[in-house]
Each structure stands twice: as structure tokens, then as C-alpha cells.
Amino acid sequence: MPLALLALAVGAFGIGTTEFVMMGLLPDVADDLHISIPAAGHLVSAYALGVVIGAPLLAAVTARMSRRTVLIALMGLFVVGNALSALAPGNDSLLAARFLSGLPHGAFFGVGAVVATNMAAPERKARSVSLMFLGLTVANVAGVPAATLMGQHLGWRATFLGVSAIGLAAIASLALLIPRDRAAAPATGLRGELAALRSVPVWLALGTTVAGFGALFAAYSYITPMLTDAAGFAENRVTLLLALFGVGATAGNLLGGRLADHSLRGTLFGGLVSLAAVLLLFPLLMRAEWSAALAVTLLGTAAFITGSPLQLMVMEKATAAPSLASSANQAAFNLANAGGAWIGGLALAAGFGVTSPALAGAVLAVLGLGVAGAAYAVDRRREVAHEVTHEGRVVAAHVPEQAGVLRR
């Protein structure tokens with residue numbers, strides 16, 4: 001695989017670290033800025049909002065630029081956002097800085113996925129995307145715990161300065177390893193780029209992402225109370241268990257990329273079925289510490305098996321604007337984060353038990369499987385219609401010649 005994928009993985013590592021580290025730093029930030037924990041939680045939402053808005057918008061307005069230049073510029077914006085977070089004097093300025101940090105997130109992964117697939121052989125496209133996402137999953141294993149410890153011992157501002165340094169390393173890697181290119185997208189403007197999303201298969205693929213990863217976040221958002229109240233873990237051991245989730249996610253990401261190169265649709269269906277099964281078993285697995293640790297690992301594996309197939313499928317369905325569609329998929333991922341957490345919270349608030357968010361997630365996984373099935377049915381109908389049209393044209397092309405032979 002091309003060494004340039006390493007540069008994309010470094011950028012993904014920095015983005016994954018800054019996205020998830022805020023959860024561990026909320027008490028420190030709240031104490032330093034003299035705000036409540038719920039108010040500090042808005043910093044997580046501000047980042048997610050930046051991703052949702054920035055992903056399609058930045059991908060569309062930069063479509064005519066060199067993708068190498070776009071990646072470097074996006075990482076530059078990432079560095080600025082995190083540096084401003086470290087220097088923010090109050091909560092309002094930190095909210096703005098976190099929003100700015102989230103803007104390049106989706107576009108970086110979207111454009112990066114296009115670059116990764118263009119550098120790989122056709123039979124290795126999904127694997128190349130999974131190697132870029134490897135930086136994101138490894139961030140949950142190493143980056144987030146290390147950044148959290150840095151924040152706890154040196155102050156939360158030091159964490160964001162450290163993430164900015166990772167961003168600078170990513171810029172250097174991108175400049176050295178990503179080959180120079182010319183923009184391949186047509187000069188259609190923002191309206192023309194957005195028009196490429198007017199496709200039922202694209203929206204079905206995005207819907208599968210929202211439902212599938214919504215299933216993950218319905219459970220993962222409440223994994224700590226499950227581990228402490230149901231499985232009986234002490235709170236100081238939860239961080240280690242979350243690292244196991246990252247290990248599972250890394251394994252699932254690599255496995256999904258390898259399998260998807262052989263069967264894209266089969267890997268997607270298999271991943272969603274596995275995710276639904278793991279979530280259905282959560283209430284049983286949370287009855288003992290060893291099985292709870294296994295459940296957390298399997299959750300990461302099953303969920304991230306679908307990551308590369310979904311990213312590649314969205315790109316294939318929007319051939320006129322693959323960067324925009326790929327970035328929109330990242331926006332869908334963050335909508336899944338917010339929506340899944342909300343649905344899991346509804347199950348918890350309704351009094352169905354501490355493990356009920358996992359069962360709500362299982363329902364979402366089945367819904368994602370249904371959307372994926374609908375997407376498959378639409379594709380099959382279009383393929384049949386294309387074959388019929390193609391055969392009709394071939395027959396029509398031969399009719400005059402055959403008639404002429406008969407006349408002679």
C-alpha cells in the first residue's frame with residue numbers, strides 16, 4: 001500500500017484525539033472556566049455541529065482545488081482551531097474554537113478517502129480507506145488516554161497544544177508524502193456539486209450510516225454506567241475498558257477493509273447483523289466482569305467492520321462528486337453520534353434498565369439493515385433496467401441490417 005496513507009492516518013489520529021478527548025476533560029474545563037458540567041458538555045456538541053456543517057460545505061467549495069492542497073489547508077484549519085482552544089479566555093470563545101476545530105473534520109476524511117482510493121489498486125480500495133481510518137481508531141487506544149492524562153497533569157490547555165503539534169506533524173507528512181495532483185472535479189460550482197447528492201442510492205447509503213452508527217452510539221454513550229452499575233467495575237477501571245473498545249474498533253476497521261475488497265455489500269450486511277447480535281446480548285454479557293470486557297471489545301469490532309464499506313459505497317453512488325459525498329458520510333456519522341445518544345437516553349429515562357440503551361441500539365442496527373436492504377433492492381432494479389435498455393438498443397441496431405439481408 002502507498003506510504004502516503006501514513007500521512008492520512010497521522011491526520012486522522014489527530015482528529016480522532018481532539019474529537020473524543022473532551023469527554024475526559026469536561027470536569028477540568030468546567031472547574032477552570034467556572035461553569036457546570038452540562039454547560040461544558042456543549043463543547044462536545046459545538047465540535048459535532050462544526051463537523052456536520054463543515055463536511056459538505058468545505059468539500060463542495062474546494063472541489064476544483066488540488067486535493068493535496070485541500071488536505072493541507074484543512075489540517076491547517078484544524079491546527080488553528082485547537083491552538084485557539086488552548087488560548088481561549090472563557091467559555092464562549094472556547095465554544096467558537098471547538099466549532100472551528102470541527103469544521104475540517106468531515107471534509108478531511110471525505111477528501112482523504114478519495115485520495116486513498118485513487119492511490120490504491122481497484123481490488124484494494126476498501127483496504128486503503130480502512131488504513132486511513134486506522135489513525136482514528138488508534139486514537140481511541142492511545143491518543144485519547146494520553147491526551148487525557150496530559151490534561152489532568154499539565155492542564156487541559158496543554159492537551160490542545162499537544163493536539164496542535166500532531167496537526168503540524170500531519171501537515172509535514174501530507175506535504176512530503178501525498179503526490180501533487182490536479183483537481184479532477186468539473187467546475188460546476190457549489191450548486192452543481194450539491195446536485196450530485198440528488199440520488200436515492202446516495203441517501204440510502206447515508207441513511208445506513210446514520211442508523212448503523214446510531215446503534216453504536218446508543219450503547220457506547222452510556223457504556224460507563226453499564227460497566228459500573230451492571231458489571232460491577234470500579235470507576236477507575238473504566239478507562240482501560242474503553243481502550244479495549246478502541247482495540248476492537250481497530251481490529252474491526254482492518255477486517256472490514258479486507259473483507260469489503262472481496263464483497264462490499266456482504267461485508268456491510270454481515271457487520272450490521274453482527275452489531276445487532278452483540279447489542280442484543282449486552283444485558284447477558286454485562287452480568288460478569290470478564291464477559292462485559294468481551295462485550296466492549298466485540299462492540300467496537302462489529303461497529304467498525306461497516307466503516308470502510310459505507311464510506312466506499314457512498315463514494316461509488318456519487319461518482320460526479322465523490323469528495324462531497326464522502327464528506328457528507330462523515331456528517332452522517334456525527335448525526336448518528338447525536339441521534340444514537342438521544343435514543344439511548346430515552347430508553348434509560350423510561351426506566352427500562354441500565355442496559356436498555358444497548359437494546360435500543362439493536363433496534364437501530366436492524367433498521368440500518370433494512371435501509372441497506374432497500375438500497376440493494378434499488379440497485380438491483382436499476383441494474384435490470386439498464387440491462388433491458390442496453391439489450392433493446394443492441395436489437396434495434398441490428399434490425400436494419402437484418403432487414404436489408406432479407407430484402408436482398
Side-chain angles (χ1 to χ4, degrees), residues 20 23-24 136-142 144-145 208-209 211-256 259 267-307 309-310 333 336-337 339-370 372:
F20 293 107
M23 287 92 164
L136 180 65
T137 57
V138 170
N140 284 281
V141 180
V144 173
T208 306
T209 296
F213 277 96
L216 164 64
F217 287 110
Y220 188 66
S221 300
Y222 305 96
I223 195 69
T224 297
M226 289 189 209
L227 292 171
T228 56
D229 297 349
F233 281 100
E235 288 187 6
N236 59 3
R237 298 174 63 189
V238 171
T239 302
L240 176 62
L241 291 165
L242 296 184
L244 287 179
F245 172 83
V247 171
T250 300
N253 173 54
L254 293 175
L255 178 62
L259 293 176
T267 304
L268 177 58
F269 286 148
L272 289 171
V273 170
S274 300
L275 180 58
V278 170
L279 290 169
L280 282 173
L281 290 172
F282 245 62
L284 294 176
L285 295 174
M286 284 293 158
R287 294 181 178 178
E289 290 190 353
W290 70 269
S291 57
L294 176 63
V296 172
T297 308
L298 291 176
L299 178 63
T301 303
F304 278 86
I305 280 178
T306 64
L310 281 170
F333 179 87
N337 189 339
W342 177 68
I343 291 174
L346 289 179
L348 204 58
F352 294 131
V354 70
T355 58
S356 62
L359 298 179
V363 174
L364 287 174
V366 173
L367 176 62
L369 194 61

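Residue numbers count from 1 along this sequence.
T208 places a side-chain heavy atom less than 4.5 Å from the side chain of L272. At least one side-chain heavy atom of L275 sits less than 4.5 Å from a side-chain heavy atom of L299. Using a 4.5 Å heavy-atom cutoff, the side chains of F304 and L216 are in contact. When side chains are defined from C-beta on, F217 does not count as touching W342, because their heavy atoms never get closer than 4.5 Å. With contacts defined as side-chain heavy-atom distances shorter than 4.5 Å, the pair L242/I223 qualifies. Looking only at side-chain heavy atoms (C-beta outward), V363 and L359 stay at 4.5 Å or farther from each other. F213 is listed as a side-chain neighbour of L310, based on a closest heavy-atom distance under 4.5 Å.
The two residues A360 and I343 make their nearest non-hydrogen contact at CB-CG2, 4.1 Å. Nearest heavy atom pair, residue A218 against residue P357, reads O-CB, 3.2 Å. Contact record, A215 with G361: CB-O, 3.0 Å, taken as the closest heavy-atom pair. Taking each heavy atom of T267 and G256 in turn, the nearest pair found is CG2-O, 3.8 Å.
Among residue pairs with one or both ends in residues 215-232, none qualify as side-chain hydrogen bond (donor to acceptor under 3.5 Å, both in side chains); sequence neighbours excluded.
Annotation: the span from L255 atom CG to L259 atom CG amounts to 4.5 Å, rounded to 0.5 Å. Atom CG of L369 is separated from atom OG1 of T306 by 11.5 Å, given to the nearest 0.5 angstrom. Note that CG of L227 and OG1 of T355 are 11.5 Å apart. Values are rounded to the nearest 0.5 Å.
Not one N or O on the side chain of T301 forms a donor-acceptor pair closer than 3.5 Å with the backbone of G252.
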Identify every side-chain donor-acceptor pair in residues 276-295 under 3.5 Å, counting partners at least two apart or on other chains, and give the distances.
residue : atom : partner : partner atom : Å
E289    : OE1  : R237    : NH1          : 3.4
S291    : OG   : L285    : O            : 2.5
S291    : OG   : A288    : O            : 3.1

